[in-house]
Chemist: 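This is the structure I want to talk about, given as structure tokens.
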Amino acid sequence: MDPIKFVQQELAREMNYPEFRAGDNVAVSYKIIEGNKERIQVFRGDVIQIRGEGATRTFTVRKMSGNVAVERIFPFASPAIQEIKVLKRGKVRRARLFYLRDRVGKKARIKERKRIK
Amino acid sequence: MTSIYNDAGQNVACTVVEAGPCVVTQRFEQDKDGYSALQLAFDEAKVKNTTKPMLGHFKKAGTTPKRKVVEFRDFDLVEKQPGDTVRVEEIFEEGDIVHAVGVSKGRGFQGVVKRHGFGGVNDATHGQHNRQRAPGSIGAASYPARVFKGMRMAGRMGGQRVKIKNLEVLKIFPEKNLILIKGAIPGHKGAYVILEK
């Protein structure tokens with residue numbers, strides 16, 4: 001077996017995150033450390049890409065904070081992530097939604113996927 | 001390469017190295033050979049791909065042919081005799097500091113900007129035309145009337161023996177003879193490296 005795969009398997013944490021894909025609206029709760037205090041913050045936005053595999057798999061969440069867009073990349077394997085909630089399923093036609101970066105306001109919306117198999 | 005999380009929750013990039021099992025093929029003694037060293041062999045080889053002199057060498061050590069044979073100076077595994085195997089956990093421990101020696105990736109013929117970190121010309125205008133990555137002056141004129149030796153110029157880059165010092169051993173998997181080393185080490189995927197402690 002490939003040594004890298006073996007190591008990743010050995011060190012993998014159990015991840016009970018719901019399945020989601022690009023276009024979905026998610027809320028990610030993650031731990032942040034301020035000085036010596038720990039608290040949990042929620043980042044809510046649209047998933048615009050999922051990339052990588054194994055221990056280096058990540059997803060990118062984009063949200064509008066006021067009128068400034070914020071993107072955050074989360075590794076799936078990060079121990080800081082407490083919970084991922086899927087709030088809406090989006091209907092999109094591609095895996096990477098970088099076109100959203102050029103859109104503002106109503107054009108930047110994602111249609112909801114109503115029928116879910 | 002892959003990445004793991006340390007106790008502080010930080011993502012640490014690391015390299016997976018398969019470091020054994022190595023077989024001792026020869027011992028060099030201070031009084032007999034003038035120096036002390038241990039010759040280790042690693043990675044199974046086909047008999048048809050091994051030269052006859054090497055086949056004899058492996059036969060003498062009582063082992064199967066191997067692809068890589070390396071001598072380690074003043075190696076203090078005194079009790080090991082030719083034919084014995086050396087495993088990862090006998091030498092390395094988590095938290096050890098090691099040096100990695102390997103042949104760096106070949107970059108081919110490269111210009112002076114990539115090869116030596118020259119700045120190039122920062123302007124595309126002000127009279128510059130297709131010389132943005134040019135080396136500039138390589139010396140004075142009628143005196144010395146030559147270019148000094150060692151002048152840094154374009155040429156073959158990479159494919160050289162490189163040693164990266166002071167890398168930390170993050171983890172060891174004795175059952176598979178694997179070592180996780182913090183950071184990157186020289187060479188392409190699947191390349192041979194020497195780990196010095």
Side-chain angles (χ1 to χ4, degrees), chain A residues 1-18 20 26-43 45 47-62 70-85, chain B residues 1-22 42-44 66-68 87-89 91-96 98 100 102 105 167-195:
Chain A
M1 189 176 163
D2 177 27
I4 292 179
K5 285 219 177 96
F6 171 79
V7 167
Q8 290 185 344
Q9 215 174 61
E10 263 327 83
L11 299 176
R13 264 175 346 112
E14 213 184 309
M15 282 179 278
N16 294 320
Y17 303 140
F20 58 89
V26 296
V28 185
S29 318
Y30 59 100
K31 250 191 327 208
I32 55 169
I33 297 162
E34 278 175 338
N36 45 14
K37 265 195 294 182
E38 260 186 19
R39 60 190 191 86
I40 289 178
Q41 206 168 60
V42 180
F43 192 95
V47 177
I48 62 165
Q49 85 165 332
I50 297 174
R51 56 162 284 175
E53 52 168 348
T56 53
R57 194 157 172 252
T58 65
F59 62 99
T60 308
V61 182
R62 179 182 170 89
V70 181
E71 276 180 26
R72 222 191 129 107
I73 301 169
F74 295 98
F76 277 95
S78 168
I81 297 180
Q82 304 288 302
E83 197 191 8
I84 302 174
K85 266 195 210 143
Chain B
M1 290 191 74
T2 179
S3 70
I4 64 169
Y5 289 86
N6 64 13
D7 298 333
Q10 288 162 324
N11 197 347
V12 183
C14 52
T15 311
V16 184
V17 178
E18 191 175 356
C22 297
F42 172 63
D43 212 1
E44 291 297 324
K66 300 278 188 284
R67 292 173 80 139
K68 195 82 184 165
R87 295 186 58 82
V88 161
E89 66 269 25
I91 301 166
F92 297 105
E93 232 177 274
E94 278 164 29
D96 277 354
V98 295
K105 278 183 184 173
L167 297 166
E168 193 188 333
V169 175
L170 293 175
K171 225 165 178 61
I172 284 174
F173 298 92
E175 68 271 29
K176 290 245 177 187
N177 276 301
L178 298 178
I179 304 183
L180 267 190
I181 291 175
K182 188 175 172 182
I185 59 176
H188 55 83
K189 279 176 195 160
Y192 291 107
V193 287
I194 302 169
L195 295 182

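Heavy-atom basis, side chains included; hydrogens, waters and symmetry copies ignored.
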Chemist: Return yes when atom CZ of B/Arg67 has more than 12 non-hydrogen atoms of other residues, nucleotides or ligands closer than 6.0 Å, and no otherwise.
Modeler: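 No.
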
Chemist: Take atom CD in B/Glu94; do more than 12 heavy atoms of anything else shown fall under 6.0 Å from it?
Modeler: yes

Chemist: May I ask you to check whether over 12 heavy atoms, not counting those of B/Lys66, lie within 6.0 Å of atom NZ?
Modeler: yes

Chemist: Is any side-chain heavy atom of B/Lys171 less than 4.5 Å from a side-chain heavy atom of A/Leu11?
Modeler: yes

Chemist: Shortest non-hydrogen contact from B/Tyr5 to A/Pro79?
Modeler: CD2-CD, 3.3 Å

Chemist: Just how far is it from atom CD of B/Glu18 to atom CG of A/Asp2, taken to the nearest 0.5 Å?
Modeler: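 B/Glu18 CD to A/Asp2 CG: 10.0 Å, rounded to 0.5 Å.
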
Chemist: Test of understanding: with side-chain contact (heavy atoms from CB on, under 4.5 Å), list the residues that count as partners of B/Ala184, not counting sequence neighbours.
Modeler: B/Met1

Chemist: In terms of heavy-atom proximity below 4.5 Å to chain B, should A/Ala77 be classed as side chain, backbone, both, or neither?
Modeler: both

Chemist: Considering heavy atoms only, which positions within residues 52-60 of chain A lie below 4.5 Å of chain B?
Modeler: A/Ala55, A/Thr56

